[in-house]
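To start, the structure itself, in structure tokens.
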Amino acid sequence: MTSKPFVDHLRRTFICIAGSVLAVIAFAAQPPVAGAQATGSPLKIGMVGAGREGGALGTLFVKAGHPVTFSSRHPGDLKGLVAGLGPLARAGTVEEAIAFGDVVVIAIPYAAMEQLGQAHAGALAQKVLVIDVSNPIARRDGEAFVKSVGEQGGAGLVTAKFLPGAHIVRAFNAIGSGRLAQLAHRAGEPVGVPIAGDDPKAIAVAQSLIREIGFEPVLVGGLAMGRHLVPGTPLGGEHTPAEIRQIAGSLH
Ligand SMILES: NC(=O)c1ccc[n+]([C@@H]2O[C@H](COP(=O)([O-])OP(=O)(O)OC[C@H]3O[C@@H](n4cnc5c(N)ncnc54)[C@H](OP(=O)(O)O)[C@@H]3O)[C@@H](O)[C@H]2O)c1
């Protein structure tokens with residue numbers, strides 16, 4: 001007959017082994033560390049705005065091997081876009097794209113940014129990186145609105161005001177959507193992407209993502225410098241990294 005101490009010993013050993021196995025399973029099942037520390041491993045990306053610019057940029061992220069949720073207030077409209085991009089792409093609501101992404105990319109009319117913040121600032125503040133591609137444009141957002149953004153420090157500081165706590169980097173603000181696919185990974189010297197941000201980790205992740213999709217990031221300064229990253233300014237358009245450094249050096 002088996003003694004009670006021996007049975008107790010067996011039970012303790014079983015509980016100990018089962019606990020270790022469960023711990024290993026739980027660790028393996030964890031989602032990738034948000035941001036993946038700019039290691040080049042796949043990052044989940046949520047696109048808020050999947051129009052011309054958001055659609056083109058998201059496509060480059062998918063082609064670089066990142067899972068992307070493209071969003072719309074009418075996600076059914078994105079069926080064609082995601083079907084053409086394969087299993088890494090899917091469509092969802094704005095809320096779903098934000099929940100999905102380790103990184104969130106915002107490419108919407110700038111006038112919609114405040115409303116986005118009111119609905120989602122808390123969730124966006126949890127992300128390792130929020131890339132702000134959006135620009136205040138008078139013909140779209142209205143003269144008075146654009147003037148008011150300028151008076152508050154310009155795009156960058158105002159994005160931070162609308163999305164409190166978010167780790168924002170402005171990028172891709174003035175490269176036309178129709179040119180992105182052509183310019184990505186171009187032969188010879190890469191096209192530079194001026195970026196502005198205050199958070200070192202967010203900047204590192206943005207730099208890594210920008211290189212992966214075939215451009216060269218150039219940090220031009222803190223988020224306050226984001227006001228220079230809009231179309232129609234010296235940094236707007238297509239420049240080499242050296243040109244961006246030179247232009248940025250003359251700005252303040
Ligand atoms: N086009 C370019 O070449 C280019 C280049 C650089 C930067 N940008 C900037 O990128 C932004 C988008 O420009 P775009 O040309 O891509 O515009 P677009 O083609 O008109 O697309 C706008 C996108 O914003 C979404 N959107 C609009 N209002 C929204 C709201 N309240 N909440 C959530 N999503 C909203 C729309 O989604 P729905 O499907 O829900 O309507 C749509 O996906 C602008 O700020 C622009 O300055 C554009």
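Below, all heavy atoms of this structure are taken into account, side chains as well, without hydrogens, waters or symmetry copies. Note that ligands are numbered from 1 as they come in the structure, with each ligand's atoms numbered from 1 the same way.
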Distance filter under 4.0 Å to [X] heavy atoms, resulting ligand 1 atoms:
| X | answer |
| --- | --- |
| G176 | 3 (O) |
| N173 | 6 (C), 7 (C) |
| S134 | 45 (O) |
| F172 | 6 (C), 7 (C) |
| A112 | 30 (C), 31 (N) |
| V133 | 7 (C), 8 (N), 9 (C), 10 (O) |
| S72 | 38 (P), 39 (O), 40 (O) |

Pair Q246-S250, side-chain donor/acceptor within less than 3.5 Å:
no
Protein contact to [atom] [nearest heavy atom, distance to 0.1 Å]:
| atom | result |
| --- | --- |
| atom 33 (C) of ligand 1 | V94 CG2, 3.9 Å |
| atom 3 (O) of ligand 1 | S177 N, 2.8 Å |
| atom 23 (C) of ligand 1 | A107 O, 3.7 Å |

If you group Ile, Leu, Val, Met, Phe, Trp and Tyr by side-chain heavy-atom gaps below 4.5 Å, do I213 and L219 land in one group?
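Yes.
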For the hydrophobic clusters of this structure (ILVMFWY residues joined by side-chain heavy atoms under 4.5 Å, transitively), does one cluster hold both V205 and I45?
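As far as the 4.5 Å side-chain criterion goes, I45 and V205 are connected within one cluster.
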Candidate list D132, N135, D141, T159, test side chain to side chain donor-acceptor pair (under 3.5 Å), partner Y110, passing option
T159
Straight-line distance of [X] [atom1] to [Y] [atom2], nearest 0.5 Å:
| X | Y | atom1 | atom2 | value |
| --- | --- | --- | --- | --- |
| E243 | E238 | CD | CD | 10.5 Å |
| L78 | S72 | CG | OG | 5.0 Å |
| L157 | D198 | CG | CG | 8.0 Å |

Which residue pairs pass the ring pair (Phe, Tyr, Trp, His ring centres under 6.0 Å) test when at least one of the two sits in residues 157-196, sequence neighbours left out?
F172-F215
Who's closest to [atom] heavy-atom-wise, of [options]?
| atom | options | value |
| --- | --- | --- |
| atom 20 (O) of ligand 1 | E53, R52, R140 | R140 |
| atom 11 (C) of ligand 1 | I108, L57, T93 | I108 |
| atom 24 (O) of ligand 1 | P109, G51, G76 | P109 |
| atom 37 (O) of ligand 1 | H120, Q115, R73 | R73 |

Between ligand 1 and L116, is the shortest N or O to N or O distance under 3.5 Å?
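Min N/O separation from ligand 1 is not below 3.5 Å for L116.
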Heteroatom proximity flag, N135 to ligand 1, N/O under 3.5 Å:
yes
Please determine whether any non-hydrogen atom of V230 lies less than 4.0 Å from an atom of ligand 1.
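So V230 does not count as touching ligand 1.
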A50, portion touching ligand 1 at heavy-atom distance under 4.0 Å:
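It is the backbone that touches ligand 1; the side chain stays farther off.
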Using a heavy-atom cut-off of under 4.0 Å, does the side chain or the backbone of I175 touch ligand 1, or both, or neither?
backbone
Let me know which of I131, V220, I203 forms a side-chain contact (heavy atoms from CB on, under 4.5 Å) with I195.
I203
H120 and L163, any side-chain heavy atoms less than 4.5 Å apart:
no
Kindly check if the number of other-residue, nucleotide or ligand heavy atoms within 6.0 Å of CD (E143) is above 12?
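Incorrect, the count does not exceed 12.
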Answer yes or no: does atom CD of E95 have more than 12 heavy-atom neighbours from other residues, nucleotides or ligands under 6.0 Å?
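Atom CD in E95 is not packed in, count stays at 12 or less.
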